[in-house]
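In what follows, a single structure is set out as structure tokens and then discussed.
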Amino acid sequence: MILLQSHSRFLLDTLLNRLQNIEKAVELDYHWAEFDDVRYHIQVTMKHPHIVLVSVSLPMPPPETVFLSGLPAGAIEAIKTAYGSVVQILDPPRDGFNLTLKLNLSKLPTDEEYKQALLVKIASVREVVLGAPLRVVLKQLASRTVASDIDPLVALVHRPKESFFLIPQAEKVTVVFPMRFKDSIDIILATSFLQEFVDARRTAGLNNAPYCMWSPTPPLELKGAPDEALSVNAGFVTFVILPRHVEGKKLDRTVWSLSTFHAYVSYHVKCSEGFMHTRMRRRVDSLIEALDRAKLGVEDARSNATQNRSFKRLSLKEARNHSFN
């Protein structure tokens with residue numbers, strides 16, 4: 001299966017291109033959108049070619065999700081930790097966006113490897129911002145602690161007006177995803193995919209993977225969640241994250257995988273649908289070819305039968321004798 005990249009490929013390519021041509025005064029003004037309705041705007045002016053403004057619009061949060069100044073809890077601290085003095089947060093952000101970052105390319109480190117890693121991290125601003133509250137909870141899990149002021153049921157946005165839920169404990173964090181799809185075919189494929197996803201966890205090679213469960217009804221952990229958040233058509237997926245799943249470098253991978261789980265499922269559902277459509281088209285084409293071959297065979301047989309017939313021209317006397325007979 002294919003895992004989605006944490007960084008925006010277009011944003012990274014644009015930053016690298018701008019860095020390679022930093023001496024050229026070029027004006028840039030790009031808008032684009034990525035999955036889960038995350039929108040970007042990057043801008044460079046002729047007057048300041050070394051200054052790049054990156055604006056990000058996040059999915060609209062549902063009522064049960066808490067945003068502080070338009071951002072998830074802990075996002076500001078996560079940005080400062082990840083980028084340091086290279087990036088400045090503009091307040092207020094550009095109109096229509098939740099966050100605007102001012103990147104000074106002249107302040108990038110001289111070490112090429114570190115510079116590349118920092119640019120990839122900047123292109124992963126989506127993960128840094130949306131994954132900030134999840135990262136805080138999982139860091140506490142790594143140290144086997146739970147903050148005294150944290151809610152027993154934490155809702156985090158991951159899609160427009162949709163959230164997933166965390167139940168933090170000292171020894172584990174339970175993550176529950178209400179699964180919704182618009183298309184009826186997607187609902188059927190996703191339900192089948194998620195059930196197979198759970199069964200795959202039982203194979204010997206995945207013993208260390210997080211425990212996974214699917215159910216058509218809300219699990220008991222979601223008791224107290226709003227009714228709107230529990231309205232689904234593809235069931236509920238539950239993961240149990242243990243301290244060993246967030247040790248060291250595993251933390252970043254776990255944060256990204258959980259933050260984009262719905263997009264991961266949607267991607268593979270659409271790939272499965274496209275594969276089946278391709279197989280059906282190929283099958284129809286083969287049947288049409290078989291029918292065409294059969295039709296040509298019948299026409300050839302008729303043509304040969306016509307060619308093998310012989311006709312004799314009768315005289316008037318012979319014709320009269322045949323008619324009387």
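This chain uses plain numbering: 1 for the first residue, then up along the sequence.
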Leu166 and Met179: same hydrophobic cluster, using ILVMFWY side-chain contacts below 4.5 Å?
yes
Within 6.0 angstrom of Leu287 CG, more than 12 heavy atoms from elsewhere:
yes
Please determine whether the number of non-hydrogen atoms from other residues, nucleotides or ligands lying under 6.0 Å from atom NZ of Lys172 exceeds 12.
no
Can you establish whether the number of heavy atoms outside Arg9 located under 6.0 Å from its atom CZ is more than 12?
no
Gap between atom CD1 of Ile51 and atom CG of Leu105 - 0.5 Å precision:
7.5 Å
Given Leu156, which of Ser163, Pro133, Ser259 fulfils the side-chain contact (heavy atoms from CB on, under 4.5 Å) condition?
Pro133
For Lys161, look at atom NZ and say whether over 12 heavy atoms of other residues, nucleotides or ligands are found less than 6.0 Å away.
no
Does Phe261 form a ring pair (Phe, Tyr, Trp, His ring centres under 6.0 Å) with Phe239? I'd like the steps, not just the answer.
CA-CA 11 Å; Phe261 176 71; Phe239 293 100; 5.1 Å; yes
Can you confirm whether the side chains of Asp29 and His41 place a donor and an acceptor under 3.5 Å from each other?
yes
Taking atom types as modelled, find out whether Ser143 and Thr145 have a side-chain donor-acceptor pair closer than 3.5 angstrom.
yes
So do the side chains of Leu99 and Ile79 get within less than 4.5 Å of each other, counting heavy atoms only?
yes
Going through the checks in order, is the ring pair (Phe, Tyr, Trp, His ring centres under 6.0 Å) test met by Tyr30 and Tyr40?
CA-CA 8 Å; Tyr30 297 151; Tyr40 297 85; over 10 Å; no
Establish, from distance only, whether the side-chain atoms of Glu34 and Ser8 form a donor-acceptor pair under 3.5 Å.
yes
Test log, rule ring pair (Phe, Tyr, Trp, His ring centres under 6.0 Å), inputs Phe181 and His262
CA-CA 10 Å; Phe181 296 88; His262 195 289; 4.9 Å; yes
